[in-house]
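Comments concern the structure below.
Numbers restart at 1 for each chain; the letters A, B, ... are given by sequence-line order, proteins then strands.
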2 protein chains.
Amino acid sequence: MFTRELTKSPPKLDIGQMSRILVVEDEDLIREMLVLALEAEGYAIATAADGRAALGLLQSGESTLSLRELASGANSGTLNEFPFELVILDLMLPQINGLDICRLLRHQGNPVPILILSAKGSETDRVLGLEVGADDYLTKPFSMRELVARCRALLRRQRFGGLPQLPVLRFKDVTLYPQECRVLVRDQEVNLSPKEFRLLELFMSYTRRVWSREQLLDQVWGADFVGDSKTVDVHIRWLREKLEKDPSHPEYIVTVRGFGYRFG
Amino acid sequence: MFTRELTKSPPKLDIGQMSRILVVEDEDLIREMLVLALEAEGYAIATAADGRAALGLLQSGESTLSLRELASGANSGTLNEFPFELVILDLMLPQINGLDICRLLRHQGNPVPILILSAKGSETDRVLGLEVGADDYLTKPFSMRELVARCRALLRRQRFGGLPQLPVLRFKDVTLYPQECRVLVRDQEVNLSPKEFRLLELFMSYTRRVWSREQLLDQVWGADFVGDSKTVDVHIRWLREKLEKDPSHPEYIVTVRGFGYRFG
DNA sequence: TAACAGAGTTAATACAGGGTTAAAAAAGAA
DNA sequence: TTCTTTTTTAACCCTGTATTAACTCTGTTA
């Protein structure tokens, strides 16, 4: 299974770590919808409502627009200290049209990925858009989910060379990095055995859900496991020893008597 | 499975310089149309008519050679001595369906760009396709011109875009020059065998990511490797001897018991 | 209150996974 | 070819991990 529930809004936003997207769109309504959807994905968004503003942001970082401040604040820099990793570009813009922006950027050797968003859906328009250096082309009206998925795909290739990456799982003082098989507890790295790691990964993917011992055996050990369900208890014990301040009065992995265990 | 030999029309085609595309499509007519259109663009095309054949072509060790190796020239032969730079993938395939192929490739750590071609045009299908690691999604019926334009966009980014072509890889005291097949460790040049080099190249392309022995065999040896996964251990040992100050207490190539190895 | 079931805890043991080295086999180079 | 380098296999050891089992603790119910 590849899809995974996203834990929403990690508490600490570090703009240097977030993907930075520039949304260039003159229709206020659409622009705001885009911003909302993309911010919900955890991206840092700047916007421009016309071509000149967009070029300003892209070329120098100096802009005539006030930059969107991040919701929860408390981050070190403004958005335009960092280069954009993706541009979502409407074609029909005041001042300078989108195609020209795209052409200009490529002419200047700027490799930032560009996703064109346009009401012009004809084949010729689409081909032309890709021709002048865009990376993707979506026609209005578009599905917000698809747009987000396409952004993810572009950013994935940009940042991680094309391999999909699993989101980091956080809960209170525990952070789990699925790709790295690494777990931090109170900023200390702890060394988990494979079974412990899989257990924790499962727990953290579905916090607050109660798992029976049988379900845990199915998910972590595999459906072909034969043996005592007491095995789970022992592994839970090991895990508690590595996670909990006081393993005998657990705060993370809670026993639900008669049912099983729950994380969180 | 059938592989297509090079078109001979222009006499001096250097396959090492051409973009290599794999077309996976079971309908003969569409497949032939794709081949014609893409060959007209100057790409080198291989085809597969079912999922198993596609996987065979994609996973054979030869097709995972890195660009560097073929840039060094002197190529005599067939298309599949070279890695594919793009896969055009139909979803509805005999034997193994396209989504599974996509998922499997990504699961093995193969980052080749994938353009999905499908009759299923629903938003959910498109999102799902991108979700499992595809880079673009086009629904049938499609315009051949648009398809070609999208291929160009993907290849442009692959070859010249986003990241520079073959960036120098650095981590702490290790520097790897992909083009030159050279590695510096603490400013000392070390001599790596081919396998060692490609292992290190892979590791350094995705630092901190844990690779299982199977993934390493897939990516470095090729999916058709038959033999003991213990082989990896031995090569890791050699590599450690050349990288680490103290090979028995490695700082770069770390063992993650039960999972595999991680660089950094 | 006793009796019981569910859960906690710990220790003992078996075993799988990984490290290491040597030597055979294969691949390249001269 | 012959020599050299590289790759793979095999054997051995060592250690961390999984599992079982025995015993304890705790909450529930009669």
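Contact between B/Ala48 and B/Leu57 at its shortest, heavy atoms only, is CB-CD1, 4.3 Å.
The CD atom of A/Glu196 sits 13 Å away from the P atom of D/dG16 (whole-angstrom rounding). In this structure, A/Phe197 places its CZ atom 13 Å from P of D/dA18, rounding to the nearest Å. Following rounding to the nearest Å, B/Asp246 (CG) and C/dT20 (P) show an atom-to-atom distance of 9 Å. Atom pair B/Leu239:CG and C/dG19:P shows a separation of 13 Å (rounding to whole Å applied). Across the protein-nucleic acid pair, B/His249 atom NE2 and D/dT15 atom C1' stand 13 Å apart, rounded to whole Å. For the pair B/Lys195 NZ and D/dT5 C1', the computed distance is 13 Å after rounding to whole Å. Atom C1' of nucleotide C/dG8 and atom CZ of A/Arg240 are separated by 8 Å, given to the nearest angstrom. Distance, B/Ile253 CD1 to C/dG19 P: 11 Å, rounded to whole Å.
Rounded to 10 degrees, the angle between the two end axes of the helix from C/dT1-D/dA30 to C/dA30-D/dT1 is 30°, with five pairs used at each end.
Two residues are said to be in side-chain contact when any heavy atoms from C-beta on lie closer than 4.5 Å; B/Leu86 and B/Cys151 meet this criterion. The shortest side-chain heavy-atom distance between B/Leu199 and B/Glu196 does not fall under the 4.5 Å cut-off. Side chains of A/Pro164 and B/Val132 form no contact here, defined as non-hydrogen atoms less than 4.5 Å apart. Side-chain contact between B/Asp218 and B/Asn110 is absent, with no heavy atoms from C-beta onward closer than 4.5 Å.
Remark: A/His235 is in phosphate contact with D/dT19, judged by side-chain N or O atoms under 4.0 Å from OP1 or OP2. OP1 or OP2 of C/dG18 has at least one side-chain nitrogen or oxygen of B/Arg213 nearer than 4.0 Å. Between B/Thr255 and the phosphate of C/dG19, there is a side-chain N or O to OP1/OP2 separation shorter than 4.0 Å. Look at A/Tyr261 and you won't find any side-chain N or O under 4.0 angstrom from OP1 or OP2 of C/dG6. For A/Ser248 and C/dG8, the shortest distance from a side-chain N or O to OP1 or OP2 is not below 4.0 Å.
Taking 4.0 Å as the cut-off between side-chain N and carboxylate O, B/Asp136 and A/Arg150 count as a salt-bridged pair.
Of all the residues in residues 220-231 of chain A, A/Lys230 reach under 4.0 Å from DNA chain C with at least one non-hydrogen atom.
Nearest nucleotide to the A/Arg257 side chain, out of C/dT9, C/dT20, D/dG27: D/dG27.
Evaluated for a side-chain contact (heavy atoms from CB on, under 4.5 Å) with A/Tyr43, the options A/Glu85, A/Arg152, A/Arg20, A/Met18 yield exactly one hit, A/Arg152.
Ring planes of A/Phe263 and A/Tyr252: parallel class, angle under 30° (limits at 30 and 60°).
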*Summarise how protein sits on nucleotides 21-30 of chain C as a single string, 5' to 3': B when a protein heavy atom is under 4.0 Å from the base, S for sugar-phosphate-only contact, - for no contact.*
B---------
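Judged by the 6.0 Å distance and 45° axis criteria, A/Arg182 is not positioned over the aromatic ring of A/Tyr177.
Under a 3.5 Å cut-off, the side chain of B/Asp135 and the backbone N or O of B/Ile114 do form a donor-acceptor pair.
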*Show your working on ring-ring contact (aromatic ring centres under 6.0 Å, His included) between B/Phe203 and B/Phe171 and close with a plain yes or no.*
CA-CA 10 Å; B/Phe203 275 137; B/Phe171 187 86; over 10 Å; no
*asked:* Walk me through whether B/Arg106 and A/Leu163 qualify under side-chain contact (heavy atoms from CB on, under 4.5 Å).
replied: CA-CA 6 Å; B/Arg106 297 308 187 220; A/Leu163 291 181; 4.3 Å; yes
